[in-house]
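Throughout, protein chains are lettered first and strands after them, A, B, ... in sequence-line order, and every chain is numbered starting at 1.
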Number of protein chains: 2
Amino acid sequence: MKYRRIPDETIQRLPMYLRGFSLLEDEKEETVSSRRLAVRLGLNPHQIRKDLSYFGSFGRRGVGYPVRATAQRIRRILKLDKTQKAALIGAGRLGTALVAYPGFSSFNLEIAAIFDKDPQKIGKKIGHLRVESIERLSGLRKRKIQLAILAVPAEAAQSVTEKLVKAGVKGLLNFSPGHLKVPASVKKIDIDLASQLSILPYYL
Amino acid sequence: MKYRRIPDETIQRLPMYLRGFSLLEDEKEETVSSRRLAVRLGLNPHQIRKDLSYFGSFGRRGVGYPVRATAQRIRRILKLDKTQKAALIGAGRLGTALVAYPGFSSFNLEIAAIFDKDPQKIGKKIGHLRVESIERLSGLRKRKIQLAILAVPAEAAQSVTEKLVKAGVKGLLNFSPGHLKVPASVKKIDIDLASQLSILPYYL
DNA sequence: TTTTATTTGTGCTCACATTCACAAACACAA
DNA sequence: TTGTGTTTGTGAATGTGAGCACAAATAAAA
Ligand SMILES: NC(=O)c1ccc[n+]([C@@H]2O[C@H](COP(=O)([O-])OP(=O)(O)OC[C@H]3O[C@@H](n4cnc5c(N)ncnc54)[C@H](O)[C@@H]3O)[C@@H](O)[C@H]2O)c1
Ligand SMILES: NC(=O)c1ccc[n+]([C@@H]2O[C@H](COP(=O)([O-])OP(=O)(O)OC[C@H]3O[C@@H](n4cnc5c(N)ncnc54)[C@H](O)[C@@H]3O)[C@@H](O)[C@H]2O)c1
């Protein structure tokens with residue numbers, strides 16, 4: 001395997017593959033071919049093989065991919081082999097829905113802190129976490145939390161982001177609409193739900 | 001302007017452009033250049049001009065794009081010039097957060113019905129809507145609702161989808177993880193929040 | 001051992017989105 | 001009217017991801 005730049009698109013598909021492999025792990029499958037996996041995931045086998053090959057040789061020709069080992073290797077690549085802690089900023093409607101979501105744990109992701117600026121909400125329990133004051137964001141570095149989920153109103157998003165960056169956050173999942181400036185050293189993913197829904201009518 | 005196939009990527013950016021133009025509309029701006037808009041949205045002017053040019057000539061050289069007219073034209077393209085109704089399936093944590101979200105209306109999108117199968121939830125009010133039984137999905141066609149937001153557990157997603165398709169739904173925003181089979185005539189957009197968050201640690 | 005059937009890994013091709021470059025169109029000042 | 005400075009619209013160049021084809025590797029049967 002020569003060195004090749006790994007496309008972002010490949011990285012984005014890895015969680016899908018991981019979910020597939022994890023499911024097969026639960027089903028006690030030993031191996032799976034790219035073809036069978038592709039059918040399950042609704043994409044094509046070439047893509048899966050190509051994507052995985054960026055990271056080396058995973059499978060055995062004539063056999064397929066060893067389920068357990070490959071799942072573990074993808075976790076390793078995505079740094080999901082150890083639990084990753086994330087902070088949630090904004091204990092609003094969307095935020096509380098996310099905290100209650102059990103689906104993150106299968107990726108070894110954990111929402112480990114909740115922050116808000118509303119005095120009414122600070123101190124209240126959501127799930128097994130207590131909402132903390134936004135003033136305490138600076139403690140994130142010490143608590144080794146480098147990921148944050150941003151679920152505050154758009155007006156507050158930029159200023160909160162700057163506090164997060166100061167607090168050492170390196171990855172940001174942003175739900176607020178509008179453009180958010182972050183330093184190049186910080187990876188940001190935007191999820192604009194209203195925009196997504198707006199696309200659908202076009203295809204009617 | 002010759003006919004050219006319009007890339008999906010262009011369509012996906014239109015809501016962003018629309019949000020930009022709408023904001024400028026509120027600010028009573030008459031015109032805006034691709035450069036100024038690009039700065040606001042955090043992307044490059046070439047892209048904006050190219051994207052808009054797929055749909056004809058929007059602006060005036062030496063001047064820029066007329067804010068009001070262009071906003072209206074993008075709404076027209078996205079079929080957002082009339083209010084588009086969507087049904088929400090699954091009155092759970094995520095679903096209720098979405099119903100309460102006021103941001104859809106600026107795109108002329110309206111959640112106009114909520115369905116669930118839980119008898120405990122059916123009949124309850126969420127916002128100004130009453131949760132209906134999933135059995136009543138077939139009424140969607142008569143009510144001219146062609147869009148649906150799927151916020152049910154993954155196990156239920158495929159069967160609910162099939163009911164939606166039968167009920168005449170043509171666009172689907174799916175929040176459940178895993179692969180969903182839909183006919184080619186139906187446009188589906190998947191939002192897998194856990195996968196999105198899983199990507200971040202890779203870049204740490 | 002040989003043959004046949006699988007299946008991976010990857011160089012190559014192709015398609016297509018992005019970016020560039022520039023002519024055409026416009027405003028405005030001199 | 002002429003010149004200067006903008007800005008759009010678009011053909012062309014560029015870059016890159018997806019799809020393809022096939023050799024290499026493996027298993028299992030003959
Ligand atoms: N609810 C949805 O379904 C939905 C859909 C699409 C987008 N969004 C976006 O997600 C974000 C959150 O939406 P929501 O519906 O949960 O809003 P919300 O108003 O219910 O919650 C926002 C929370 O952020 C807190 N907050 C405000 N300013 C803050 C600050 N400076 N620091 C810390 N906390 C602060 C508020 O106290 C509140 O608890 C918004 O940007 C919204 O546009 C939400
Ligand atoms: N909550 C989150 O933050 C979050 C995050 C990522 C993904 N998701 C996904 O979104 C979906 C919904 O999540 P949630 O947290 O709101 O779940 P939830 O359990 O809170 O709500 C699901 C709702 O769907 C209803 N339902 C179940 N089967 C149904 C059926 N056959 N027909 C109609 N309604 C049915 C249930 O009664 C319930 O009200 C799930 O697929 C989940 O994986 C949610």
Side-chain angles (χ1 to χ4, degrees), chain A residues 1-17 20-21 24 29-74 77 199 202, chain B residues 1-17 20-21 24 29-74 77 179 190 199 202:
Chain A
M1 184 203 52
K2 281 196 307 194
Y3 174 78
R4 282 166 294 185
R5 199 187 67 82
I6 296 165
D8 273 359
E9 284 83 351
T10 293
I11 305 298
Q12 283 167 25
R13 280 186 292 269
L14 288 183
M16 258 200 287
Y17 301 156
F21 279 107
L24 289 161
E29 292 279 338
E30 291 286 330
T31 59
V32 67
S33 68
S34 58
R35 170 134 47 128
R36 267 207 308 144
L37 186 65
V39 171
R40 271 180 101 106
L41 298 177
L43 26 95
N44 87 42
H46 302 111
Q47 185 99 71
I48 296 177
R49 291 208 297 277
K50 178 65 138 226
D51 282 340
L52 292 180
S53 81
Y54 281 112
F55 303 96
S57 191
F58 281 64
R60 284 172 64 189
R61 303 180 184 208
V63 181
Y65 296 93
V67 171
R68 247 186 97 74
T70 308
Q72 206 49 42
R73 253 176 106 173
I74 298 176
I77 292 166
I199 296 166
Y202 174 83
Chain B
M1 184 204 51
K2 282 195 311 196
Y3 174 78
R4 280 165 296 183
R5 199 187 67 82
I6 297 163
D8 273 359
E9 285 82 351
T10 292
I11 305 299
Q12 283 166 25
R13 279 186 294 268
L14 287 182
M16 259 198 288
Y17 301 155
F21 279 108
L24 289 161
E29 293 279 339
E30 292 285 329
T31 58
V32 67
S33 68
S34 57
R35 171 137 44 132
R36 268 208 307 143
L37 186 64
V39 171
R40 270 180 101 104
L41 299 177
L43 24 95
N44 87 41
H46 301 111
Q47 184 101 72
I48 296 178
R49 291 208 298 278
K50 180 67 134 193
D51 281 341
L52 293 180
S53 80
Y54 281 111
F55 303 96
S57 190
F58 281 64
R60 284 173 63 190
R61 304 180 183 208
V63 181
Y65 297 93
V67 171
R68 246 187 97 73
T70 309
Q72 207 50 42
R73 254 177 105 174
I74 299 176
I77 292 165
H179 172 57
D190 294 302
I199 295 166
Y202 175 83

- Tell me what B:R36 touches on the nucleic acid: a base, only sugar-phosphate, or nothing, going by heavy atoms under 4.0 Å. nothing
- Nucleotide nearest B:S33 (side chain, heavy atoms from C-beta), chosen from D:dT8, C:dT18, C:dA21: D:dT8
- Message: Does C:dT6 have OP1 or OP2 under 4.0 Å away from a side-chain N or O of A:R35?
- Response: no
Please enumerate all protein N or O atoms sitting under 3.5 Å from an N or O of nucleotides 27-30 of chain D, with distances to 0.1 Å.
| unit_1 | atom_1 | unit_2 | atom_2 | d |
| --- | --- | --- | --- | --- |
| D:dA27 | OP1 | A:R60 | NH2 | 2.1 |

- Message: When you measure from the side-chain N and O atoms of A:N44 to the phosphate of D:dA18, is any distance below 4.0 Å, counting only OP1 and OP2?
- Response: no
- Query: Under 4.0 Å between a side-chain N or O of A:R49 and OP1 or OP2 of C:dT10?
  - Reply: no
- Message: Within 45 degrees of the ring normal and closer than 6.0 Å to the centroid, is that where the cationic atom of A:R73 sits relative to A:F58?
- Response: yes
- Query: Are OP1 or OP2 of D:dG19 and a side-chain N or O of A:Q47 less than 4.0 angstrom apart?
  - Reply: yes
- Query: Judged by atom type as modelled, is there a donor-acceptor pair below 3.5 Å linking the side chain of B:R36 to the main-chain atoms of B:T31?
  - Reply: yes
- Message: Tell me the bend of the helix from C:dT1-D:dA30 to C:dA30-D:dT1 as the angle between end helix axes, each from five pairs, rounded to the nearest 10 degrees.
- Response: 10°
- Query: Given side chains that start at C-beta, do those of A:Y17 and A:T70 come closer than 4.5 Å, heavy atoms only?
  - Reply: no
- Message: Between B:S34 and B:K50, which residue's closest nucleotide on DNA chain D lies nearer the 5′ terminus?
- Response: B:S34
- Message: Taking only side-chain N and O atoms of A:Y54, does any of them lie within less than 4.0 angstrom of OP1 or OP2 on D:dG17?
- Response: no
- Query: Any side-chain heavy atom of B:Y54 within less than 4.5 Å of one from B:L14?
  - Reply: no
